[in-house]
2 protein chains.
Amino acid sequence: MQNMLETSARLLKLLSLLQSPREWSGTELAGRLEVSTRTVRNDVERLRNLGYPVHATRGAVGGYRLGAGANLPPLLLDDEEAVAVAVGLRTAAAGSIAGVEDTSLRALAKVEQVLPVRLRRRVNALQTYTVAVPARRRGPEVDPQVLTALAAACRDHERIRFDYRAHDGTATRRDAEPYRLVNWGRKWYLVAYDVQRGDWRTFRVDRIEPCPPGGPRFAPRPLPAEDLAAYVSRGVSTATWHYRARIVVHAPADVIAQRLPATAGSVEVIDEQTCAVTTGADTAESMAMWIGLLDADFTVQDAPELSAALRRLADRYRRAAG
Amino acid sequence: MQNMLETSARLLKLLSLLQSPREWSGTELAGRLEVSTRTVRNDVERLRNLGYPVHATRGAVGGYRLGAGANLPPLLLDDEEAVAVAVGLRTAAAGSIAGVEDTSLRALAKVEQVLPVRLRRRVNALQTYTVAVPARRRGPEVDPQVLTALAAACRDHERIRFDYRAHDGTATRRDAEPYRLVNWGRKWYLVAYDVQRGDWRTFRVDRIEPCPPGGPRFAPRPLPAEDLAAYVSRGVSTATWHYRARIVVHAPADVIAQRLPATAGSVEVIDEQTCAVTTGADTAESMAMWIGLLDADFTVQDAPELSAALRRLADRYRRAAG
DNA sequence: GGCCATTAGGAACAGTTCGTTCCTAATGGC
DNA sequence: GCCATTAGGAACGAACTGTTCCTAATGGCC
């Protein structure tokens with residue numbers, strides 16, 4: 001029994017050594033495991049019988065290596081951890097990363113199989129008696145292979161090539177230095193330096209189609225902003241504006257800066273009681289609405305559509321007030 | 001070796017049998033496992049040596065049972081499943097369920113320990129090179145014990161007692177029949193029938209402090225709505241309005257119903273070209289803004305604050321338009 | 001082709017483990 | 001006290017384990 005435990009421990013240790021991406025000679029393994037090389041060969045045979053694909057090369061530069069498709073060692077969790085895994089997998093199955101749903105449900109089935117009945121009933125009750133309010137919009141889905149490949153390219157400072165689908169569906173070939181992934185709610189963005197355009201760009205990950213092979217390594221540049229979250233959220237918001245305007249607001253700049261979300265525009269000081277706001281929106285009417293929320297008098301400069309919208313709204317409000 | 005595998009399989013089967021919430025006699029286990037009772041006693045001793053708390057009762061009605069705190073059997077995942085678990089645990093650690101974070105990180109450390117180096121580096125790169133745009137507001141946190149206890153009470157039709165903290169911090173004792181949990185973004189709500197008030201209520205789960213013991217079982221009533229998600233989201237939104245108004249809109253009801261979010265109010269038909277909208281907001285000005293977004297002429301009825309706000313806005317927009 | 005270093009695997013052996021049979025002892029309900 | 005349960009030691013034959021010893025095959029290098 002004690003020897004069986006030691007043998008099991010030695011098998012797990014062998015499996016762990018084989019999981020590093022190198023080749024091991026029988027002599028090296030025997031030294032590490034403190035057994036004879038014949039015993040190593042016995043253990044290798046046992047791992048193979050347990051389904052682990054151990055590959056061997058004979059000859060002067062031979063050795064052992066774990067092949068692709070190897071099963072992972074067993075995972076031992078306590079009650080709380082298993083419940084956390086089950087809850088986390090349900091959350092992931094409902095998230096923004098596509099393709100994780102099936103895998104998560106498969107893993108979840110395995111986790112539930114090892115849960116004792118009382119914990120399984122609890123996890124199931126939470127699922128059965130919870131109603132979710134649907135998100136206003138179903139977010140775009142992101143391929144986990146693409147996501148992790150981009151993360152690896154960021155880490156290794158490797159240039160990537162990809163086709164980028166624009167809003168209207170047309171695709172352009174891009175060659176870029178990837179730096180960071182940004183997750184904003186259900187959307188994922190890649191902050192990269194577009195080599196052909198010689199400038200920084202923010203790409204939607206769900207519109208990226210990688211074109212292997214990757215490119216050469218690059219020397220990293222300074223990032224375009226310290227606060228990348230703010231950089232991306234501001235850039236993304238302003239990119240969708242159809243109408244832009246510059247208005248003079250009759251209030252101090254710091255007061256208005258508090259009332260204006262960073263994604264809604266920018267504030268410049270004119271003097272102590274006046275500031276200029278550059279803003280925009282999809283429609284002139286909604287722009288007028290947002291400006292109204294600043295709760296201060298203002299003057300329009302060189303934005304005839306906005307002026308027209310303001311007159312229409314003023315007339316409508318005057319009539320409605322009675 | 002073959003016998004060693006059979007012994008391991010038999011130990012796992014014994015562990016599985018012991019996980020059901022009943023007591024097993026040695027004779028029964030011997031029959032199920034097709035070994036002698038002496039071997040069952042040997043196996044029980046082995047499970048104990050492996051850390052599983054197997055309790056035994058001697059005598060005429062004796063037997064074996066697995067005690068509290070038992071370790072779970074080993075979990076075998078493939079690569080994709082392990083990565084899904086790792087990604088799901090990171091998602092859960094960033095989610096709305098408090099207390100899951102520490103447990104998730106503990107489980108995550110165990111998962112990463114069994115991952116081969118190439119997968120571990122991938123999962124780590126995703127974490128390291130991802131920046132999250134912070135949510136506009138940090139959501140309230142929910143205790144997972146409370147959450148799963150409420151789910152179990154819903155399932156078993158058991159009345160619950162709890163202290164409910166209101167917005168201003170005061171707590172009231174409640175006695176309610178729980179029916180469903182509703183998850184809306186980062187907030188969790190409980191739809192229950194308040195027994196003392198004799199009516200349906202929607203409670204914020206983060207403000208519930210359960211007071212055990214639970215109450216008696218109840219015969220379930222019909223739910224207050226078929227679409228509970230809409231019921232809760234509408235009820236929650238309207239509860240926070242400081243100002244309410246009824247306006248007559250000069251447009252067909254179906255056109256306005258499309259433009260008005262369900263959480264922003266309700267639409268009634270007056271005739272083919274007119275409908276009535278009941279709406280509200282925190283301030284009269286923001287109510288005027290939302291109404292402006294309907295993009296239709298309207299008339300205010302019996303809402304002097306709204307009329308005054310509309311006049312002020314009309315004057316401001318007229319001056320700003322130049 | 002020879003040399004050398006690698007993996008592959010059979011055989012013998014002493015020591016260890018396993019499951020079974022047999023047995024005595026303790027416990028708990030009726 | 002009777003009966004049914006768990007507890008655990010001992011003996012035994014069968015099976016397993018790790019080591020030593022050995023022959024055979026493979027592959028790179030000179």
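All values below come from the heavy atoms of this structure, side chains included, with hydrogens, waters and symmetry mates left out. What you are looking at is a predicted structure, and each value in this text was computed from that prediction instead of being measured.
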Derivation of the salt bridge (charged side-chain N to carboxylate O under 4.0 Å, His left out) call for A:R22 and A:E28: CA-CA 12 Å; A:R22 56 159 292 196; A:E28 281 175 306; 3.1 Å; yes
Salt bridge (charged side-chain N to carboxylate O under 4.0 Å, His left out) assessment of B:E177 paired with B:R221: CA-CA 9 Å; B:E177 297 168 2; B:R221 304 163 196 270; 2.9 Å; yes
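A donor atom on one side chain and an acceptor atom on the other are not found under 3.5 Å apart for B:R46 and B:N42.
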Enumerate all atom pairs, one protein N or O and one N or O from nucleotides 11-14 of chain D, separated by less than 3.5 Å.
none

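For A:R10 and D:dT17, the shortest distance from a side-chain N or O to OP1 or OP2 is not below 4.0 Å.
If you measure from atom NE2 of A:H55 to atom C1' of C:dA8, you get 17 Å, rounded to the nearest angstrom. Rounded to whole angstrom, the span from the CG atom of A:L14 across to the P atom of D:dT17 amounts to 15 Å. Residue B:E45 contributes atom CD, which lies 16 Å from atom C1' of C:dG19 at whole-angstrom precision. Taking atom CD of residue A:E23 and atom P of nucleotide C:dA5, one finds them 17 Å apart after rounding to whole Å. Between the CG atom of B:L29 and the P atom of D:dA7 there is a distance of 11 Å, rounded to whole Å. One can place CZ of A:R46 at 15 Å from C1' of C:dG9, the figure rounded to the nearest angstrom. Atoms CG (A:D43) and P (D:dC16) sit 16 Å apart, rounded to a whole Å.
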Letter per nucleotide, 5' to 3', of nucleotides 19-28 of chain D [B base touched, S only sugar-phosphate touched, - untouched; heavy atoms, 4.0 Å]: BB----BBBS
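No engagement by B:R65 is indicated, since no non-hydrogen atom pair under 4.0 Å with the nucleic acid exists.
Listed for the A:W24 side chain is a donor-acceptor partner under 3.5 Å among the backbone atoms of A:L17. Listed for the B:Y52 side chain is no donor-acceptor partner under 3.5 Å among the backbone atoms of B:L66.
Partners of A:S36 by side chain to side chain donor-acceptor pair (under 3.5 Å), not counting sequence neighbours, listed by chain and number: A:T39. Evaluation of the salt bridge (Lys or Arg N to Asp or Glu O under 4.0 Å) rule for A:R173 yields A:D163 as partners, not counting sequence neighbours. With sequence neighbours left out, the ring pair (Phe, Tyr, Trp, His ring centres under 6.0 Å) criterion links A:Y179 to A:W200, A:F218.
Around the CZ atom of A:R32, the shell of radius 6.0 Å holds no more than 12 heavy atoms that belong to other residues, nucleotides or ligands. Around the CD atom of A:E34, the shell of radius 6.0 Å holds no more than 12 heavy atoms that belong to other residues, nucleotides or ligands.
For DNA chain C, if you chain together Watson-Crick or G-U pairs that step i with j, i+1 with j-1 and so on, the runs of at least three with distances under 3.5 Å are C:1-30 with D:1-30.
Taking the six-membered ring where the residue is Trp, the centroids of A:F203 and A:Y189 are separated by 6.0 Å or more.
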